[in-house]
Amino acid sequence: MYIDVCVQQNFIGFDQVYTYSTKLGRNDLFLGQRVKVPFGKKILMGIILAIDVENTSGFEAKEILGTFEDQVFLPRDLMVLAEKMSEKYFIGPFTSLAYILPPSNGQGIFYDQGEFKVENLPDLNRYGYLEGQGKNPSQEKVLNLLKSQGPLLKSEILDRLDISASPVQTLIKNGVIGPVKEEKTCQPPQVLTPDQERAYQEFYQDQSLETLLFGVTGSGKTELYLHWAQDCIERGQKVLIILPEIALTPQMVERVQARFGSRTSVMHSKLTDSQRKLEWTRMRNGQVDILVGARSGIFAPMENLGLIILDEEQEASYQYHQSLRYDVREVAKMRSEITGTRLVYGSATPEVSLFYRAKKGDIKLIQLKNRIMDRPLARVHLVDMREELSTGNLSILSNVLHQKIQNTLSRGKQVILFLNRRGYSNFISCRHCGTAIRCDSCDISMNYHKTIHRLRCHYCGSTKPLPKTCPVCGSKLIKPFGVGTQQVEELVKNLFPQAKVHRMDRDTTNKKETYFSLYEDMKNRKIDILIGTQMLAKGLDFEHVTLVGILAADTSLFISDYKAQEQCYSLLTQVSGRSGRGKDPGEVVLQTYNPDNYAIKTACQGDYQDFYDMEIKQRQAYDYPPFKKLISIQLTGPDKEEVYEATRNFYRDLTGATRTLHLVGTKIIENPKIKNKYTFKFQLKSNKADLALLRDSLEWVFKKHMKENKGKIYIDIIFER
DNA sequence: AGCACGCCGACT
DNA sequence: GTCGGCGTGCTC
């Protein structure tokens with residue numbers, strides 16, 4: 001019998017399907033099983049993709065050497081998903097599967113009589129008080145804890161008490177405490193507002209596969225998710241809730257756990273491999289009803305999925321980029337199509353292309369129009385920083401903002417200041433010759449970090465000392481320009497010496513604990529002014545924040561991307577949404593050098609519809625998505641000339657192969673060097689009707705070039721959405 | 001990529 | 001005769 005296998009190989013060019021033979025029978029093999037195979041002169045680990053196939057390869061199949069003892073057994077739909085991802089993203093079958101498999105490709109996961117086991121699987125039972133008495137003080141402590149707190153995991157008992165494991169063991173042996181099936185009584189769902197109730201019902205009016213839940217910040221989308229999730233679980237089905245990593249706050253997790261108890265799983269990037277493996281196994285065993293997870297949660301190994309929720313659908317971190325070789329939203333849609341599971345996108349600022357589809361009726365649109373308790377949106381004051389300059393205020397704080405901070409503090413409320421720029425100053429440049437200090441391995445100007453008194457590159461993280469003279473002309477007129485969060489912190493501390501000021505960005509908040517303690521301090525009002533970047537834009541709810549200052553609304557407009565406007569709108573809306581989440585109304589001061597820009601203007605008024613109307617006209621006028629498909633092709637490698645040459649060849653081959661199509665291509669442009677790698681790219685605009693043909697040609701040219709480059713040059717093909 | 005094979009010059 | 005340097009070709 002022949003089987004199809006993909007192999008674990010470090011050279012991408014060999015990540016493809018290979019046909020092997022085996023003497024084992026159908027019953028000894030299953031899809032996703034790990035096998036040992038001879039590969040050239042080596043022995044490799046492979047994964048079974050198909051069983052009992054014809055050998056159409058034209059090669060004589062070798063025999064597999066055996067199977068591994070530990071076994072990953074993927075749900076069928078994830079095997080199909082891997083195959084579809086492999087086609088869609090021009091990646092090999094193993095690369096594709098590697099995203100889906102648990103850590104270390106599932107090593108140490110055992111399959112045994114219908115149950116999965118991880119080696120040394122911790123005891124997941126919750127122990128509760130049954131009957132009897134403790135025979136010594138330690139045992140009494142345990143019993144008192146369980147009587148007051150209800151059933152707990154063994155590890156939780158030991159965490160809370162200063163005792164060894166043996167009294168717990170004895171109590172279990174004597175039958176005083178024992179595993180309890182139904183744990184904590186779960187919190188009942190909240191009563192829905194009329195607006196939420198309407199939206200809730202609308203969802204069940206039909207069975208559309210895709211639904212966009214469009215609701216302003218604070219309209220209570222999460223509560224709706226939890227209601228739909230509950231319905232689903234009551235039908236005996238499973239639920240996935242995917243959130244951006246930074247929105248996976250303790251607040252959010254607590255809320256879901258309070259509702260669904262221990263049949264919840266949480267997955268985020270801070271988990272260790274063994275925790276991840278354990279969660280994976282719990283899900284695979286059907287011990288989990290609902291997963292709240294960051295983007296990789298979309299590969300949760302749960303069968304009988306009833307609902308997938310993708311919150312903050314427009315998030316840039318869901319989209320294809322350097323460290324993410326697939327688009328989470330697309331993958332969610334693929335998984336939904338494979339299993340027929342309904343998919344809900346949630347957003348206050350939907351991606352323009354998605355909203356277009358929703359308005360056209362291609363996907364279901366549900367709107368939440370009111371904020372809970374009819375709390376008004378924060379009032380936004382727009383400050384033109386050019387006027388501020390002309391009146392002689394050179395500070396990064398406008399007079400209005402300065403005053404409002406003072407007012408807010410005197411009323412005992414909290415302030416958030418937002419600036420999308422880390423470090424002390426943006427760059428160091430020479431007044432004499434104009435040279436900006438650049439990173440040695442990236443073609444990017446370095447930021448000055450006062451805390452370490454060095455320059456740091458925000459792309460590769462490397463640092464170097466601050467030069468005293470210009471390295472080019474030797475001039476001493478070398479000075480920092482542009483303000484970063486560190487400088488704001490310094491300034492604010494000087495201006496408001498009585499206030500407790502804290503900064504939250506990647507430099508202060510790299511560990512989970514610091515994030516958590518900042519969050520607690522903020523909640524307990526140990527901080528008056530919180531200064532930060534993107535990090536504080538999402539999910540953080542502080543009821544005593546009544547003022548948000550956006551120091552430079554323009555920074556995200558400078559990225560040269562057709563999505564610059566919508567990303568700016570979305571970010572401003574999210575940051576503004578941090579203000580006035582409690583009883584007291586909130587205010588926002590938005591400082592800008594571009595007060596006439598429509599993204600900034602409409603964000604001030606908080607009207608997505610207005611923004612959308614303007615943006616969609618632009619998209620139509622310039623042939624951008626959703627009207628045309630935009631495809632970016634990027635080639636990256638260590639040798640500048642070689643990469644440029646390869647890009648030109650790729651372009652030429654592609655134009656040759658697609659002569660019959662109406663394609664518009666841009667010039668080849670050079671991206672800045674990053675970590676000593678050069679990148680050249682060009683873009684194509686295509687009619688939707690031509691897309692299938694274009695994909696075929698792209699695949700052909702891509703494969704040809706991958707072979708020719710022998711892995712020296714990396715090719716990225718991005719279908720912009 | 002990585003590994004073996006093979007061709008050729010340098011060396012005991 | 002044989003050791004090893006590196007160019008070439010192959011992986012179901």
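Numbered from 1 within each chain, the chains take letters A, B, ... in sequence-line order.
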Side chain to side chain donor-acceptor pair (under 3.5 Å) filter on Arg421(A), not counting sequence neighbours, yields none

To the nearest angstrom, the CZ-P distance between Phe94(A) and dA1(B) comes to 18 Å

Tell me if the aromatic rings of Tyr20(A) and Tyr2(A) count as close, with their centers under 6.0 Å from one another. no

The salt bridge (Lys or Arg N to Asp or Glu O under 4.0 Å) partners of Arg76(A) (sequence neighbours excluded) come to none

By ring-ring contact (aromatic ring centres under 6.0 Å, His included), Tyr320(A) pairs with (sequence neighbours left out) none

Under 4.0 Å between a Lys/Arg side-chain N and an Asp/Glu carboxylate O for Glu670(A) and Lys681(A)? no

Tabulate atom names and distances for all N/O pairs under 3.5 angstrom spanning the protein and nucleotides 9-12 of chain C.
residue: dT11(C); atom: O3'; partner: Gly40(A); partner atom: N; Å: 3.0
residue: dC12(C); atom: OP1; partner: Tyr20(A); partner atom: OH; Å: 3.3
residue: dC12(C); atom: OP1; partner: Pro38(A); partner atom: O; Å: 3.1
residue: dC12(C); atom: OP1; partner: Gly40(A); partner atom: N; Å: 3.3
residue: dC12(C); atom: OP2; partner: Gly40(A); partner atom: N; Å: 3.1
residue: dC12(C); atom: OP2; partner: Lys62(A); partner atom: NZ; Å: 2.6
residue: dC12(C); atom: O3'; partner: Thr19(A); partner atom: O; Å: 2.7
residue: dC12(C); atom: O3'; partner: Lys62(A); partner atom: N; Å: 2.8
residue: dC12(C); atom: O2; partner: Thr19(A); partner atom: N; Å: 3.2

Margin query: I'd like to know whether the aromatic ring centres of Phe299(A) and Tyr326(A) sit less than 6.0 Å apart in this structure.
Written below: yes

Within residues 27-36 of chain A, those residues having any heavy atom closer than 4.0 Å to DNA chain C are none

With sequence neighbours left out, the residues meeting ring-ring contact (aromatic ring centres under 6.0 Å, His included) with His321(A) are none

Ion pair present between Arg295(A) and Glu315(A), side-chain N to carboxylate O less than 4.0 angstrom? no

